[in-house]
Each structure stands twice: as C-alpha cells, then as structure tokens.
Amino acid sequence: MKLFSLPFASALLVLLCGCAAQKSTRATAKPGASAMAPTVSATPVPSAPAQPQAHGPAPSAPSNPTQQDQALIAASKQAYDSGVALYQSAQYQAARSDFDRAVDIFLTSGRDLKGDTVLHDAFENMVDKINALEMDSLQESNGFSQQEQTPVGVANDVTFPVDPNLLARARADLKFTRSDLPLVVNDYVASFINYFTNTGKGHNTIENSLAREGRYRAIVEKTLTDEGVPKDLIYLAIAESGFRPRAVNRRSGAGGMWQFMPHGNYGLLRNGWVDERFDPEKSTRAYARYIKELHDQFGDWYLAMAAYDWGPGKVQRAVQRTGYADFWELYQRNVLPAETKNYVPIILAAAIMAKNPTQYGLANIPVDPPLISDTVTTNFSISLNLVADLVGSTADEIQQLNPSLLRMATPSDMPFDLHLPPGTKSLFEQRIALVPEEHRNSWRYRTAVQGDTLDSIAQTFHVKATELAAVNQLQVDGPLHTGEALVIPVAPVAAASQHMRYRTRRGDTIVTVADRFGVTTGQLRRWNRIAGNHLPVGRLLYVSQPVRIRHPRSRRSSTSRKTHASASPGRVPQAGSPSSKHHKKVAATHSSTQSGQHPRKKRHKNGPQ
C-alpha cells in the first residue's frame, strides 16, 4: 500500500462525507452533439474504495469512551513511533508500512472521527506529522517519499459532496471566465472543485501542478496555437502528469507530460539515446495533433478528452450504442468507466480554478519561472558533464534542460538539439573547439582557479598529471595561471552492464563517484537512497540504470482514425485489448491496413510514478 493513497481516500470519506454515499438520480436531457451539461438533482460521484485493513489486530476497546479514545491514540502513536525509528535508520519501506498502520488504526476503528473532537484532533495531528516527514524526504531525495500524484490520481477514488454555495459561486464566476475551450459547471464539476478547494491534499496537488505550469506554459500554449487547437487544452497536462515532463507510470510504461505509451506512432522518436515523449515541446506537438484528430472524429471537445483517456474506438461504440454524441449523456447512462467519467470533470474543475485563482486560494502560488534556453545542434556524442563544464553549469541543470536524453550524453549517430542555459551558446561554441570530437563523450574541461596545480586537477579527475600536461602542452612542474583553460583526458567509462555496481573507497563522496561514472548526483542518490554527500568505505553502490527499450509487438497496421462520431458501425475501429483491471488508452496511427488501435497508455489509479 502506498503512503496516503487508500488511507487518505478513506479519511476523506469518513471525515467529510459520512458513511453513506449519495445515490444519484438520472436527469433527462435532449440528445445533441454539443457538449452541454444536463441539470442533475444529485451528484453521481465515483465510488470510494473499501477502507484499508490494519496490518495488525485492532486494540481492545475499554468500555469507557474516554478510555477507548486514549487506547486508540496510544496504539496509533506506538505504530508512528516505530515508523520514526525505522525512518531514522533509513529503513524507508518498513517505515512507510508503520506510518500507514498508524493511520489505519484510526480509520478502521469504527469510531466517529468527525464527531469526536479528541479523536479528530489526534488523527489530524498524526497525519500532519507524517506529512512533514514526507516533505523532508522529498528535499533530501532519500527514497522514502512516493512521487507526487496527479489531480486525477488523488481525486479518482474519493467521494465528495456538492457544496450548494460553491456551486452557485462557480456558476457566477463562469459567466466572466474567458476560455477558448467550452467550460461548464454542473454537480459533477462542482464536486471536484469542492475537493480541490477544501481538502489539503487536493488543494496542494492543484497548487503544485500550477506552480510547475509556469515553467512550460509559454512553450505549450505556443505549440497548441501553432497546431490550431484551443490553448486551454493545456489543462489536460494537470490531469495527466501535473506538468512533470519525465513522469512515468511504472506499471504501464506511459511517460511524459502527456503520458504516451512507449509504443505507437505519434511522430516521437524513441531509441537507446532519446525518448521524445519527455521533450516538452515535441510531445506537446504530438498531443495537439492527436487531440485534434479526436475532435475531428467526434466533433466535441469533451468526447475528444474522453477518447484520449479511454480510447476512440470504445467511445465510438458507446456513442453508437446509446445514440448520443454527448459526454454528459454517456456519463449518466453509465456506459463510461469510472476513471473516464471523472477525467473530464477534473480537467474542467482545474481549468475553472486556474482561471479564477483568487476565488479558490490560488492567487499567491510561487510559479516556476518560464523555461528559457539557448540551443545548439550536435552531430556528435558529448557528455553532459563536459557540456556543464563548458558553460559553467551542472550536469543536473543540463539534464533538466534536456529531459528527452536517456543517457548522460547526446547521440553519436544523429543530430540532436541540445538546450543550454540562456546566454551560453557562444561560450559553448568557443570552448567546445578545444576538445577533439572523438573525445567529447569522456573528456572534461576546467578553468584553473587560484591554488590549482596539475597534480591537484589530475587527482580530482583520476588522470595522470603527465597525460594532463601533454594534452595541454604544459610542463608537469610548470605553474598554472588563474583562468587558464584546460582539457582533461578522462578515459571513457566502459558501457555499464545492467545494474552495474561500485564499492566505495577511502575519500569517495557522492560528487566524486557520480563524476567518475558519468551520472548526476541526483541519479546516484535516487538509485541508492542516499542523503548527503558522505559515503562509508566499502558501501556497494548502483552506478547505472539500464535503458530499457520496449518495442511494439508484431501486429497488423491500422487505418486512419479520422472517423466522425456518426460513422456507420462498419467504420468503427477495433479497440486495443482491455485489461481485466485497468483501462487501456488507444492512439490514432496513420498506417494502411485495418487492425486494432495501438494503446496510447494504460492508466493506474496511482498515476505516474
């Protein structure tokens, strides 16, 4: 069980909704191709998962209510204290299990956590303390924290009521909200606005997504405009990845800001060097073209969104089976899976909140600055460590500017648009000329500073001082002048085998080991769950992460999917095989013969990992 996934959903259910779920009633709406929201008398909301079971037996309950409260609190605290001890000893998986148990003890007690102020306060305090550890672990990258979920991930499994006052306010706000995408507020949308506004987890998820949006908004909006689709389709990235360009669903392999599967024809390159699903601009262009195809097919943006989530073939059949080319009609007639029923309202809720930040507590978010970079085209392999040396940056920053690179180097056999920190293009071009092309994937560069000697630099980079002097045409015992440019003849790192490991020696640090094996310090910490820079002598470290390329299985090609929603049954494309537990997305391709659609992605309720 992942920390807070089921416990939080259950907690919200207990604290905010009570034990009985509202029953939905179907409203009658006229059919139509336009995405008009029908009036609903009650809110059909996704069913909540069963409450998680505690890992251990529930504490025996004394007869006195006060004693029962104290016994429950004591049992939860005992589990929490055990988790803290494990956390401090770096046993993070075991710590997470104990923290989950501390929460579960409250949730499975059968007590009224909402009505009992003592239990309510104790429960809230417990959750806050665990949340604090979660945030600390994120900052330290020590392997304890789970990756942040997307709005779809956190909201899919909760049942949340409609606040009549919030519904009225949202409808009033909508009258003055400008959007190039049709926006509506009904009970379905309002229930998610309520969740994202009035719960800590929901609000934090939206807030963090919108903070990251600042980095990519200009790129995404320009690309969407160039492709002739509404700019407000940007808000699908909140649902899909929370604007994380390297988000990956570990179970399905779906990746990138728009969560494309690793196989399929989207015009995105994938090989042993590059995965363009992680390129913000190129993946956005692929997304814009695909969602436009879906809109051409269905004539409705809400159905296009549903098809992006569930697959166009499945939505097409639902339309033909019911006779309604209208998302809200399909919603009420229960012909859509729960995830897809939630998907569109969540996107609309996020868009409405983002466009009315003051009303929903989003006005003072510290937004990430826009992504700005210089670009050079390489036709040779160059290590990101050398790139960082040449422009006075770090390998981590260069990697963040080039998220599509799978290795710590550019490809050797194809052109690559390498992004550099702004204002460094001329410096790069000037200094790269000092390094022979055949050595750019291993050699390094350094500008001498006060106190540097050939011996000290040679020791830092694990090379011989004689070789360093020869390459730079210097005397071994000669002086170095501050500002003097040096190229460092570092030997190439042998191709790393799967899960290559290294045993640390005296004097090793995170920085020196990362430098030696051509990886970033962030990668080394993540692969080995390390905080700080100190390394004990003799520790066995993972120093590589194998690149796994998944090739599509042999299959027949598929026809163009630009079929309108009113197409005849004989024109309905066959959907990809559904999983028994998870819904698989299918992508449009441009092949020539009929067959099943290629899956765009398979979503799991925990979202990208």
*Indicate whether any N or O donor in one side chain lies under 3.5 Å from an N or O acceptor in the other, for Ser404 and Asp275.*
no
_Whether over 12 other heavy atoms sit under 6.0 Å from Gln450 CD_ = no
*Would you call the rings of Tyr308 and Phe260 parallel, tilted or perpendicular if under 30° counts as parallel and over 60° as perpendicular?*
perpendicular
*Kindly say whether Glu213 contributes a backbone atom to a donor-acceptor pair with the side chain of Asp368 at under 3.5 angstrom?*
no
*What residues form a ring pair (Phe, Tyr, Trp, His ring centres under 6.0 Å) with Tyr502, not counting sequence neighbours?*
Phe517
*asked:* The criterion is side-chain hydrogen bond (donor to acceptor under 3.5 Å, both in side chains); which residues satisfy it with Glu221, sequence neighbours excluded?
replied: Arg217
_Ile206 to Ile238 - nearest heavy-atom pair and separation_ = CD1-CG2, 4.3 Å
*asked:* Quick check on Asp413: does its CG atom have over 12 non-hydrogen neighbours (other residues, nucleotides or ligands) under 6.0 Å away?
replied: yes
*Could you tell me which non-hydrogen atom of Leu401 sits nearest to which non-hydrogen atom of Pro421, and how far apart they are?*
CD1-N, 3.5 Å
*Where do Gln475 and Ala469 come nearest, in terms of heavy atoms and distance?*
C-CB, 4.3 Å
*What pairs meet the ring pair (Phe, Tyr, Trp, His ring centres under 6.0 Å) rule with one or both residues in residues 386-435, with sequence neighbours excluded?*
none
*What's the shortest heavy-atom distance between Met305 and Leu233, and which atoms?*
CE-CD2, 4.2 Å
_Show me the pairs that pass ring pair (Phe, Tyr, Trp, His ring centres under 6.0 Å) and involve residues 430-466, at least two apart or across chains._
His439-Trp443
*asked:* To the closest 0.5 Å, what do you measure between OG1 (Thr410) and CG (Leu384)?
replied: 7.5 Å
*asked:* Just to verify, what does Ser456 make a side-chain hydrogen bond (donor to acceptor under 3.5 Å, both in side chains) with, not counting sequence neighbours?
replied: Thr453
*Could you tell me which residues satisfy salt bridge (charged side-chain N to carboxylate O under 4.0 Å, His left out) with Asp455, sequence neighbours excluded, listed by chain and number?*
none
*Could you list the residues that satisfy salt bridge (charged side-chain N to carboxylate O under 4.0 Å, His left out) with Arg285, not counting sequence neighbours?*
Glu227, Glu281
*Find the distance between CG (Leu405) and CZ (Arg246) and round it off to the nearest 0.5 Å.*
8.0 Å
*Walk me through it: do Leu524 and Ile530 pass the test side chain to side chain contact (heavy atoms under 4.5 Å, CB included)?*
CA-CA 8 Å; Leu524 203 59; Ile530 296 173; 5.6 Å; no
*Let me see the working for Leu535 and Leu541 under side chain to side chain contact (heavy atoms under 4.5 Å, CB included), right down to the final yes or no.*
CA-CA 10 Å; Leu535 290 175; Leu541 298 178; 3.8 Å; yes
*List for me each residue that meets salt bridge (charged side-chain N to carboxylate O under 4.0 Å, His left out) alongside Lys222, sequence neighbours excluded, and say none if there are none.*
Asp226
*Tell me, please, which residues at least two apart from Ser179 pass side-chain hydrogen bond (donor to acceptor under 3.5 Å, both in side chains).*
Asp232
*About how many Å separate NZ of Lys425 and CG of Leu418, when rounded to the nearest 0.5 Å?*
11.0 Å
*Applying side chain to side chain contact (heavy atoms under 4.5 Å, CB included), run through Asp374 and Val376 and close with a yes or a no.*
CA-CA 7 Å; Asp374 288 353; Val376 295; over 6 Å; no
_Determine whether Trp258 and Tyr287 satisfy the following criterion, ring pair (Phe, Tyr, Trp, His ring centres under 6.0 Å), listing intermediate values before the conclusion._
CA-CA 7 Å; Trp258 307 102; Tyr287 155 69; 3.8 Å; yes
*Name all pairs fulfilling the salt bridge (Lys or Arg N to Asp or Glu O under 4.0 Å) condition that reach into residues 378-392, sequence neighbours left out, sorted by first residue then second.*
Asp389-Arg444
*Looking only at heavy atoms, what is the nearest atom pair of Ala448 and His481, with distance?*
CB-O, 3.5 Å
*Determine, stepwise, if the pair Tyr266 / Met261 fulfils side chain to side chain contact (heavy atoms under 4.5 Å, CB included).*
CA-CA 10 Å; Tyr266 325 108; Met261 283 291 282; 4.0 Å; yes
*Can you measure from CD1 (Ile488) to CG (Asn385) and round to the nearest 0.5 angstrom?*
12.5 Å
*Exceeds 12 heavy-atom contacts within 6.0 angstrom, atom CZ of Arg505*: no
*Do any N or O atoms from the side chain of Thr504 and from the backbone of Pro536 form a donor-acceptor pair under 3.5 angstrom?*
yes
*Partners of Arg446 by salt bridge (charged side-chain N to carboxylate O under 4.0 Å, His left out), sequence neighbours excluded?*
Asp452
*Arg431 side-chain N/O to Val391 backbone N/O, donor-acceptor pair under 3.5 Å*: no
*Using atom types as modelled and distance alone, determine if a side-chain donor or acceptor of Glu397 lies under 3.5 Å from a backbone N or O of Ala388.*
no
*asked:* Suppose the criterion is ring pair (Phe, Tyr, Trp, His ring centres under 6.0 Å): which pairs have a residue in residues 206-246, not counting sequence neighbours?
replied: none
_Spacing of OG1 belonging to Thr447 relative to CG belonging to Leu390, to within rounding of 0.5 Å_ = 9.0 Å
*Sub-3.5 Å donor-acceptor pair from the side chain of Ser383 to the main-chain atoms of Leu386, do we have one?*
yes
*Could you state the interatomic distance from CD1 (Ile382) to CD (Glu437), rounded to the nearest 0.5 Å?*
10.0 Å
*Can you find a heavy atom in the side chain of Ile457 that is under 4.5 Å from one in the side chain of Leu480?*
yes
*Minimum heavy-atom distance between Leu224 and Ala288, given as atom pair plus value*: CD2-CB, 3.8 Å
*What do you reckon, is CD of Glu484 surrounded by more than 12 foreign heavy atoms closer than 6.0 Å?*
yes
